[in-house]
Amino acid sequence: MAKGRYSRLQARKSFSSTLILILVMFTFIILILVAFGMLYLPNNSADSSRKANDLTTIVHNKVDSSERDDGRQEHWAEVISWEPRSFIYHNFLSKEECDYLINLAKPHMQKSVVVDSKTGKSKDSKVRTSSGTFLPRGRDEKIREIEKRISDFTFIPVEHGEGLQVLHYEVGQKYEPHFDYFKDEFNTMNGGQRIATLLMYLSDVEEGGETVFPSAKGNYSAVPWWNELSECGKGGLSVKPKMGDALLFWSMNPDASLDPSSLHGGCPVIKGNKWSATKWMRVNEYKV
């Protein structure tokens, strides 16, 4: 019996050490990016485009529309919120990569499901009305390139990531507010708790389809483009889908506690179609 308690204690220490190392590395790299002017931090100056709670730069301004040698437009990252910790990486994917993921997923799309917290199994639910499919980690060269880029941006090893989930929302389809972290013992057995989520927008959406954080901190009704949001989008911190952009948000705080401000949802699509790809990252290595 003592041996069993010792094994559990060892596992907890390993969990804490791994999480602390990841968070320290992430903080260190953020400071480096800030020092070199590659990442915008919130401030109280008159430059509203650099405030953490002002998202006008996401769809209204571009740094440079020219393309790089790899076919992607010039990209940059910015902080949009500290509660939850959220970041936008503009032009994370090229149009060709977005089209590739959509075409790869189309033949395999099925009705989206949710996880039953009591059993750990998938079940149908009215809170999620999209269709989707999973692309296995490391499926092909293009997927591996994208996963390596995700790892470089998040500073989380590729082995800690689940396979990409491609989702499609038609008019009227949505995903009601939810947490990406787990509250059951079943889903944490393989790879541990979900620490962060990277949501990549594969298409533009004419109206609706925002990613909204209803529990985020800040007054967002003062932004000049407030009237462009749907009623659902006005329910908190909202990010309008823009093809190629990636939204990174953390479900856990630096002290390893779960972050309730990471509550988020997908607003109903009002006009157009919404395609996205999601990568969830775990505290420990995730076995595929």
Side-chain angles (χ1 to χ4, degrees), residues 84 86 101-102 104-135 162-191 193-216 220 228-243 245-252 258-282:
S86 305
L101 292 176
I102 292 174
L104 196 63
K106 271 184 177 180
H108 310 288
M109 303 297 284
Q110 296 182 349
K111 172 74 170 62
S112 297
V113 294
V114 299
V115 176
D116 189 329
S117 60
K118 295 182 179 180
T119 65
K121 297 181 179 180
S122 298
K123 66 176 184 179
D124 191 14
S125 175
K126 294 181 179 180
V127 305
R128 191 181 194 187
T129 56
S130 61
S131 59
T133 189
F134 279 92
L135 303 177
E162 300 179 29
L164 287 175
Q165 184 184 42
V166 177
L167 293 170
H168 179 219
Y169 295 82
E170 297 180 352
V171 172
Q173 293 186 330
K174 61 177 182 177
Y175 194 176
E176 293 183 4
H178 60 282
F179 297 107
D180 279 355
Y181 56 69
F182 300 120
K183 292 185 176 180
D184 63 273
E185 60 183 31
F186 301 98
N187 288 287
T188 55
M189 294 177 66
N190 181 12
Q193 186 61 267
R194 281 177 174 170
I195 185 173
T197 300
L198 186 77
L199 173 61
M200 296 166 283
Y201 300 107
L202 306 182
S203 68
D204 295 318
V205 181
E206 293 182 60
E207 188 176 355
E210 302 95 343
T211 302
V212 60
F213 295 86
S215 298
Y220 306 102
E228 296 179 20
L229 297 175
S230 66
E231 287 303 311
C232 170
K234 293 178 180 179
L237 166 65
S238 291
V239 178
K240 291 177 66 67
K242 178 181 177 296
M243 182 171 57
D245 280 359
L247 167 66
L248 170 67
F249 62 91
W250 294 76
S251 296
M252 299 180 73
L258 301 179
D259 183 3
S261 70
S262 66
L263 180 72
H264 63 285
C267 291
V269 173
I270 297 174
K271 187 176 182 182
N273 282 274
K274 176 184 176 182
W275 285 88
S276 64
T278 303
K279 167 73 77 172
W280 291 287
M281 279 73 75
R282 302 289 192 107

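As the structure is a computational prediction, the values presented were derived from the model and not from experiment.
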Where do [X] and [Y] come nearest, in terms of heavy atoms and distance?
{"X": "L198", "Y": "A246", "value": "CD1-CB, 4.0 Å"}
{"X": "A105", "Y": "T133", "value": "CB-CG2, 3.6 Å"}
{"X": "H264", "Y": "P214", "value": "CA-CD, 4.2 Å"}
{"X": "M109", "Y": "L167", "value": "CE-C, 4.2 Å"}
{"X": "A277", "Y": "L101", "value": "CB-CD1, 4.3 Å"}
{"X": "E170", "Y": "Q173", "value": "N-OE1, 2.8 Å"}

TODO: Please indicate whether K111 has more than 12 foreign heavy atoms, meaning atoms of other residues, nucleotides or ligands, lying under 6.0 Å from its NZ.
DONE: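 Yes.
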Open item on the list: Is it the case that over 12 heavy atoms from other parts of the model lie below 6.0 angstrom from the CE atom of M189?
Closed with: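 No, because the 6.0 Å sphere around CE of M189 holds 12 heavy atoms or fewer from other groups.
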Is any side-chain heavy atom of [X] closer than 4.5 Å to a side-chain heavy atom of [Y]?
{"X": "L164", "Y": "M200", "value": "yes"}
{"X": "P84", "Y": "W250", "value": "no"}
{"X": "I270", "Y": "E231", "value": "no"}
{"X": "S230", "Y": "P268", "value": "no"}

From [X] atom [atom1] to [Y] atom [atom2], the distance as rounded to the nearest 0.5 Å:
{"X": "E176", "Y": "L263", "atom1": "CD", "atom2": "CG", "result": "11.0 Å"}
{"X": "I195", "Y": "M281", "atom1": "CD1", "atom2": "CE", "result": "8.5 Å"}
{"X": "E228", "Y": "S238", "atom1": "CD", "atom2": "OG", "result": "12.0 Å"}
{"X": "Q110", "Y": "S130", "atom1": "CD", "atom2": "OG", "result": "12.0 Å"}
{"X": "L199", "Y": "S86", "atom1": "CG", "atom2": "OG", "result": "11.0 Å"}
{"X": "L258", "Y": "Q193", "atom1": "CG", "atom2": "CD", "result": "5.0 Å"}

Is a donor on one side and an acceptor on the other found under 3.5 Å between the side chain of [X] and the backbone of [Y]?
{"X": "S203", "Y": "W275", "result": "yes"}
{"X": "T129", "Y": "K174", "result": "yes"}
{"X": "Q165", "Y": "G132", "result": "no"}

TODO: Start with the C-alpha distance between K240 and D245, add both sets of side-chain angles, then the distance that settles side chain to side chain contact (heavy atoms under 4.5 Å, CB included), and finish with yes or no.
DONE: CA-CA 10 Å; K240 291 177 66 67; D245 280 359; over 6 Å; no
- [ ] Identify whether the distance between the nearest side-chain nitrogen and carboxylate oxygen of E207 and K271 falls below 4.0 Å.
- [x]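 Between K271 and E207 there is no salt bridge, as every charged N stays at least 4.0 Å from the carboxylate O atoms.
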Open item on the list: So, applying side chain to side chain contact (heavy atoms under 4.5 Å, CB included) with V166, which one of L104, T278, L202 is it?
Closed with: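 Checked L104, T278, L202 against V166; only one passes side chain to side chain contact (heavy atoms under 4.5 Å, CB included): L202.
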- [ ] Apply side chain to side chain contact (heavy atoms under 4.5 Å, CB included) to L229 and E210, showing your working.
- [x] CA-CA 8 Å; L229 297 175; E210 302 95 343; 3.8 Å; yes
Task: Test side-chain hydrogen bond (donor to acceptor under 3.5 Å, both in side chains) applied to E162 - qualifying residues, sequence neighbours left out - done: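 Checked E162 against side-chain hydrogen bond (donor to acceptor under 3.5 Å, both in side chains); matches are R194, R282.
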TODO: Would you please name every residue forming a side-chain hydrogen bond (donor to acceptor under 3.5 Å, both in side chains) with K274, sequence neighbours left out?
DONE: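 Not a single residue meets the side-chain hydrogen bond (donor to acceptor under 3.5 Å, both in side chains) criterion with K274.
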TODO: Quick one: sort the F213 and F249 rings into parallel, tilted or perpendicular, breaks at 30° and 60°.
DONE: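 F213 and F249: perpendicular rings.
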Open item on the list: Between S276 and Y169, is there a side-chain donor-acceptor contact under 3.5 Å, judged purely by atom types and distance?
Closed with: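 Short answer, no.
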TODO: Check the side chains of T197 and D180 for a donor-acceptor pair under 3.5 angstrom, ignoring hydrogens and angles.
DONE: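 Yes.
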